[in-house]
2 protein chains.
Amino acid sequence: MRWDELEEEPCSMARTIGVIGDRWTLLILRECFLRTRRFEGFQSALGITRHLLAERLKKLVRQGVLRRIPYQESPKRHEYILTQKGLDLYPIMMAIVHWGDTHMVDERGRPLLHQHRKCGKNFDPVMVCSECGEPLSAKEVHTHPGPGARTTPAIKAPEKPKAKARRSAA
Amino acid sequence: MRWDELEEEPCSMARTIGVIGDRWTLLILRECFLRTRRFEGFQSALGITRHLLAERLKKLVRQGVLRRIPYQESPKRHEYILTQKGLDLYPIMMAIVHWGDTHMVDERGRPLLHQHRKCGKNFDPVMVCSECGEPLSAKEVHTHPGPGARTTPAIKAPEKPKAKARRSAA
DNA sequence: CCCTTACAGTTCTAAAAACGAACTGTCAAA
DNA sequence: TTTGACAGTTCGTTTTTAGAACTGTAAGGG
């Protein structure tokens with residue numbers, strides 16, 4: 001399975017990973033949600049090499065996660081803002097932050113707090129069932145093939161390698 | 001910012017990315033939630049090279065996401081199962097799957113459906129505020145420094161790059 | 001006018017990571 | 001004795017990433 005194949009996999013997780021599943025992309029997205037919009041902003045916030053940054057931004061634009069919008073004409077300059085598709089990544093980001101808040105903080109506590117404008121309180125994100133509203137955990141969920149399934153989800157048929165492997169090459 | 005520095009960053013997202021923020025790790029974790037436990041199982045499901053698989057599993061064990069448990073003695077064999085810390089990654093996985101279900105499906109529809117045992121229905125995961133129970137979106141959340149913050153969250157002071165004294169010989 | 005800075009990239013080489021295939025070792029069954 | 005399942009390890013090649021310098025436009029200062 002190579003990376004360009006990932007987006008063809010019959011698995012929503014594999015496809016998503018094909019889009020955002022690398023370290024710099026995730027970090028770039030974090031910056032987007034913290035309102036960074038410009039090349040230099042990303043670069044200095046992250047310390048990513050300019051080369052990779054340019055490449056990742058291009059990829060995110062191609063995939064419709066970011067939109068590249070001109071903000072001045074003279075020397076043409078653009079900024080990168082989240083599309084709706086990009087904004088929809090928010091639950092992923094929050095879930096990641098929350099896991100870190102739970103399992104990776106040091107003595108000093110959380111680096112960042114999140115306040116919900118609607119209720120005014122600092123909160124944690126909780127994932128619930130869209131149908132009954134109850135919080136979800138892995139054990140309460142049963143997974144089964146949907147219309148887009150191919151075989152057993154994402155598990156290849158066990159190809160037999162017919163190697164006689166007894167060669168001493170040297 | 002190098003990868004070993006990532007886990008020291010005052011940002012729960014960066015730290016989490018240091019643990020699970022690469023493509024194979026995420027895919028390995030998907031398999032874990034689909035009940036794969038053994039080396040060969042991961043290898044044949046994912047097509048990952050055995051070398052990398054061994055390394056990633058080791059890292060996940062080191063980080064307390066998986067536990068390595070013997071299941072037979074004669075030739076010593078172990079299986080890898082999720083710890084509670086690992087199980088707590090479930091919301092991240094579900095958020096990733098859900099984004100894929102929303103934005104990356106083809107004409108045939110979702111590869112996988114999720115049924116909530118408690119209510120018996122197929123569901124989508126929804127992220128809500130722990131305090132008021134309302135669904136969350138990026139625009140309704142205000143972020144501010146917590147006790148573990150260093151400066152502006154995750155954004156480095158704008159160091160004037162005069163000379164990058166990283167490894168220069170003087 | 002010339003020099004410097006800000007910005008948004010691109011280009012190049014070296015170093016690190018991933019790939020692919022074979023190899024090691026234990027044990028059970030054929 | 002040979003084969004197969006399992007769980008890795010080793011090694012040479014290819015791909016990515018890091019790191020630094022370079023390109024090009026334009027504004028501001030002297």
Side-chain angles (χ1 to χ4, degrees), chain A residues 1-6 17-18 21-28 31 36-61 66 68-81 158-170, chain B residues 1-6 17-18 21-28 31 36-61 66 68-80 158-169:
Chain A
M1 192 196 299
R2 288 190 325 281
W3 288 119
D4 41 314
E5 295 168 355
L6 210 48
I17 290 171
D22 83 288
R23 294 155 126 149
W24 284 124
T25 299
L26 253 4
L27 254 7
I28 289 168
E31 289 306 309
T36 300
R37 291 162 145 74
R38 300 184 185 176
F39 193 93
E40 294 294 318
F42 291 109
Q43 207 282 319
S44 69
L46 298 174
I48 185 176
T49 64
R50 311 176 71 78
H51 178 51
L52 256 207
L53 175 57
E55 192 163 83
R56 291 290 190 268
L57 287 173
K58 236 175 247 167
K59 187 176 168 195
L60 287 169
V61 168
L66 298 179
R68 188 160 172 271
I69 296 185
Y71 71 89
Q72 76 175 35
E73 269 305 310
S74 42
K76 272 216 165 194
R77 297 263 183 274
H78 304 82
E79 49 190 12
Y80 298 89
I81 64 158
E159 336 165 10
K160 261 274 192 162
K162 50 203 61 185
K164 270 287 196 140
R166 210 60 194 287
R167 312 239 27 141
S168 43
Chain B
M1 194 195 297
R2 289 191 323 281
W3 289 119
D4 41 313
E5 295 168 354
L6 210 48
I17 291 171
D22 83 288
R23 294 154 124 149
W24 284 124
T25 300
L26 253 3
L27 254 8
I28 289 168
E31 289 307 310
T36 301
R37 292 164 145 73
R38 301 184 185 177
F39 193 93
E40 293 295 317
F42 291 109
Q43 207 283 318
S44 69
L46 298 174
I48 184 176
T49 64
R50 311 175 72 77
H51 178 52
L52 255 207
L53 175 58
E55 192 163 83
R56 291 290 190 268
L57 287 173
K58 235 174 247 166
K59 187 176 168 194
L60 287 169
V61 168
L66 298 179
R68 187 161 173 271
I69 295 183
Y71 70 91
Q72 75 174 36
E73 269 305 310
S74 41
K76 270 216 167 195
R77 297 265 181 272
H78 303 82
E79 49 190 12
Y80 297 89
E159 353 167 355
K160 269 284 187 172
K162 193 61 186 283
K164 260 294 187 69
R166 167 133 307 198
R167 240 188 348 172
S168 46

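Chain A is the first sequence line, chain B the second, and so forth, proteins listed ahead of strands; every chain is numbered from 1.
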Spacing of B:R37 atom CZ relative to D:dA7 atom P, expressed in whole Å: 13 Å

Hey, what do you get for CD1 (A:I28) to CG (A:L52), rounding to the nearest 0.5 Å? 8.0 Å

Under the side chain to side chain contact (heavy atoms under 4.5 Å, CB included) test, residues paired with A:E79 that sit two or more places apart: A:R37, A:R38, A:Y71

Distance below 4.0 Å between B:R68 side-chain N/O and D:dG8 OP1 or OP2: yes

Over all strands shown, is A:F42 touching base, sugar-phosphate only, or nothing at heavy-atom distances under 4.0 angstrom? nothing

Can you tell me how far the CD atom of A:E31 sits from the CG atom of A:L26, to the nearest 0.5 Å? 12.0 Å

Residues two or more places apart in sequence or in another chain: which of them pass salt bridge (Lys or Arg N to Asp or Glu O under 4.0 Å) with A:R56? A:D22

List the residues meeting side chain to side chain donor-acceptor pair (under 3.5 Å) with B:R68, not counting sequence neighbours, and say none if there are none. B:H78, B:Y80

Sorted by number, residues from residues 50-59 of chain B placing a heavy atom under 4.0 Å from DNA chain D are B:R50, B:H51, B:A54, B:K58

Quick one: do B:L27 and A:I17 satisfy side chain to side chain contact (heavy atoms under 4.5 Å, CB included)? Show the steps, please. CA-CA 8 Å; B:L27 254 8; A:I17 290 171; 3.5 Å; yes

Approximate separation, where rounding is to 0.5 Å, of B:I48 CD1 and B:R23 CZ: 13.0 Å

Interatomic distance, A:D22 CG vs C:dA16 C1' [rounded to whole Å]: 16 Å

Separation of atom CD in B:Q43 from atom C1' in C:dA22, rounded to whole Å: 14 Å

Atom-pair distance (CZ on A:F39; P on C:dA8), nearest Å: 8 Å

So does A:W24 get a side-chain nitrogen or oxygen closer than 4.0 Å to the phosphate oxygens (OP1/OP2) of D:dA18? yes

So does B:T49 get a backbone contact from the side chain of B:Q43, meaning a donor-acceptor N/O pair under 3.5 Å? no

Length of the CD-C1' vector between A:Q72 and C:dG9, whole Å: 14 Å

When B:G41 and A:T49 are each assigned the nearest nucleotide of DNA chain D, the 5'-most assignment goes to B:G41

Could you write out each protein N or O paired with an N or O of nucleotides 26-30 of chain C at a distance under 3.5 Å?
| from | atom 1 | to | atom 2 | distance (Å) |
| --- | --- | --- | --- | --- |
| C:dC27 | OP1 | B:S74 | O | 2.9 |

How many whole angstroms separate atom OH of A:Y80 from atom P of C:dC7? 14 Å

For B:I48 and D:dT9, what is the distance between atoms CD1 and P respectively, to the nearest whole Å? 13 Å

Please list, chain by chain and in numerical order, all residues satisfying salt bridge (Lys or Arg N to Asp or Glu O under 4.0 Å) with A:E55, sequence neighbours excluded. none

Euclidean distance, atom CG of residue B:L6 to atom C1' of D:dT17 [Å, nearest integer]: 15 Å

